[in-house]
4 protein chains.
Amino acid sequence: MESTLKLLEERGYASMTIEQVAAEAQVGKATVYRSWPNKAALVLDAVRGRLPDVPTAETGNSREEMLSVAKQALAGFFGSPEVQAMLPALVADTVRNPELRRRLREEIIEPRKARSRAVLERAISRGDLPPDTDISLVLEMWAGAMMFRSVYFEDSFDDSVLSRLVDATISSPPRLPRTGP
Amino acid sequence: MESTLKLLEERGYASMTIEQVAAEAQVGKATVYRSWPNKAALVLDAVRGRLPDVPTAETGNSREEMLSVAKQALAGFFGSPEVQAMLPALVADTVRNPELRRRLREEIIEPRKARSRAVLERAISRGDLPPDTDISLVLEMWAGAMMFRSVYFEDSFDDSVLSRLVDATISSPPRLPRTGP
Amino acid sequence: MESTLKLLEERGYASMTIEQVAAEAQVGKATVYRSWPNKAALVLDAVRGRLPDVPTAETGNSREEMLSVAKQALAGFFGSPEVQAMLPALVADTVRNPELRRRLREEIIEPRKARSRAVLERAISRGDLPPDTDISLVLEMWAGAMMFRSVYFEDSFDDSVLSRLVDATISSPPRLPRTGP
Amino acid sequence: MESTLKLLEERGYASMTIEQVAAEAQVGKATVYRSWPNKAALVLDAVRGRLPDVPTAETGNSREEMLSVAKQALAGFFGSPEVQAMLPALVADTVRNPELRRRLREEIIEPRKARSRAVLERAISRGDLPPDTDISLVLEMWAGAMMFRSVYFEDSFDDSVLSRLVDATISSPPRLPRTGP
DNA sequence: AAGTAAACGAGACGGTACGTCGTGTCTTCCG
DNA sequence: CGGAAGACACGACGTACCGTCTCGTTTACTT
């Protein structure tokens, strides 16, 4: 019952009601509640899968691959209208709803992060990034910058910014803490 | 009427109602509405000012100053319980409420960013950062990474991470696009 | 807000919903609930007062007066469409709702009974009924017979039946138990 | 499937749901609906037969026989907890459901009335009641008085009241209208 | 004895009304 | 006359049953 999506985009998350979704889908309200405990869960399920992919194709060029990730997985993700409409609301609901936070993290964020990480690990193995690069932190920086700009400035990163961001990171990425001598 | 704050922390943003605030403050609901058009505006006003300061004191050591900014303005900001409780909800409301977004940006984000920017500009003038450093982007990366981690992992950055983040940036910050010939 | 009555007659008690009443009256559902705890209370208040009167006018002729009571207070009451539509439902609700039973008895039944009793007492004082007539029982018999026929046979008593009923009672009414020696 | 009765007495008519009945009886809801169109029909069938009998035994003493009828068929009927719990609700439903009214009348009321009528006819044939006694009206008066008191006063008639009621009737019962010259 | 049809339990379904709650506006007093 | 108190219209919430409807799975009858 993903005609949730229709209402999501035409009314926005906050103005979308479960009653409307049920009506739109020609379905009893109880049926919706039988499958999802609340609006957040419903939306999360509806949106999952419609998300832009993380490109992991190997091109031989680490910078190119990383740019690709930054562009499609991050700019494409945080910049997409659906995500802009729903993510902040979902995030806000996580404050009261730890289960939702868990699902958001495990079903949306982590898988994307894992695929992105693969690309950076490949860059390390090619020697294009130092072996002690703090991949997690790199990705959080990138994603965070995107998220920040999209949230507060309704803006997203263009190719030029992404290049400069990636290049700066390649030159000197944050390192993992030294563990041994 | 900042006993809003009391309810904010003991009930959370979503469960706090304007009725409760009015009752708590021994005030008519209409009186609250006379001053603020909605809950978001009320909370924004209540919280503003209670926020951790951006330290701009000059110590002579750019790295030290930048770390200080990162620690207090960013980790201290996104990690504080009040901000965690209210920011995501406020952000979610901005989707429907452009005025709120404007105020959030202009009254909270921009001023903090401006003060942080001053610190980075000082670093540039000392020669500790290249003159074409994209300060905005640096700050967005830092803030974004903090925000990201706090939102999805309920976690905040410890000193070690901040050091590594700052050091990486100092070694090779993102640059402004070349504007000249 | 007695536009309850309108819906009562056009939909019947069971099919009338509080939501409809509220909508019809251009009023919030909560406003209805603020004034009446449930449908029964609402209907009881709406109907009270619209009921046929108990005629107590003194004509000098006891039989005539008693017939008048029987006809208007009983046949007119149990035979009226409004009462037929609502009384059984109200009575059914009393099973779960003792407060409703109390109100139904004290606000509808007892006052009518009291006024009818006055007429019979006058007949006693005229010597047209024995002094130890069990007035309560007489009235219950009369009312009960009406109610019975209206409930199970959708029928009401015509003048002829009422005459014979009254005449039989005048000839030999049920007596009060002897109390003294 | 008369474990309906169990739920009837422990929850009351209104709070008893067909789902509960089905669950209690370890039976599918559809199975219940296959046999009865609605709750009223189910309850009517469940209760029928459990009703107190109308005693028609011939004792030779008309007054005694009539008292017996009044006591067991009327006081025993309207005073029994099962009947008190279900009859008003059933009656209320008849307003919307003429078929139910028909069954209630033909399967419950009429048979009892017929058996009671036999007793009164025997009294007439013995000369203890006038030949033109309006038996129907007598029974309706009696039943109605019982019903009335049970419904509005949660009370039932004791032996003394029944005696006085019967005696009054014997002295001067309501007559049938004269039909011929 | 196997094959088939009916009846069955279980429970999901589309609906409808419930009674509660919060919103933002509007009215009523009181000090 | 300003403000507290709170009534008000509105509408979503999540719950409970309704009566209908598929599902497999017994039964019990036919062949």
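Owing to the predicted nature of the structure, the values given are computational and were not obtained by experimental measurement. Lettering follows sequence order; numbering is per chain, from 1.
- Rounded to whole angstrom, the span from the CD atom of A:Q26 across to the C1' atom of F:dC21 amounts to 17 Å.
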Nucleotide-resolved protein contact map, nucleotides 21-31 of chain E, B/S/- at heavy-atom distance under 4.0 Å: BSBBBB-----
Without placing hydrogens or testing angles, list every side-chain donor-acceptor pair under 3.5 Å for residues 6-14 of chain A, not counting sequence neighbours.
unit_1	atom_1	unit_2	atom_2	d
A:K6	NZ	A:E24	OE2	3.0
A:R11	NE	A:Q20	OE1	3.4
A:R11	NH2	A:S15	O	3.4
A:Y13	OH	A:A40	N	3.4
A:Y13	OH	A:D93	OD2	3.0

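- Residue order along DNA chain E, read from the 5' end via each residue's closest nucleotide, puts D:T31 first among D:T31 and A:V27.
- Contact record, D:A92 with C:A92: CB-CB, 3.7 Å, taken as the closest heavy-atom pair.
- Looking at A:R112, its side chain does come within 3.5 Å of a backbone N or O of A:P52 through a donor-acceptor pair.
- A distance of 6.5 Å separates CZ in A:R105 from CZ in B:F153, rounded to the nearest 0.5 Å.
- Looking at heavy-atom distances under 4.0 Å, B:R34 makes contact with sugar-phosphate atoms alone, never a base.
- Applying the side chain to side chain donor-acceptor pair (under 3.5 Å) test to residues at least two apart or on different chains, the pairs with a partner in residues 38-50 of chain B are B:W36-B:D45, B:D45-B:R48, B:D45-B:R103, B:R48-B:E107.
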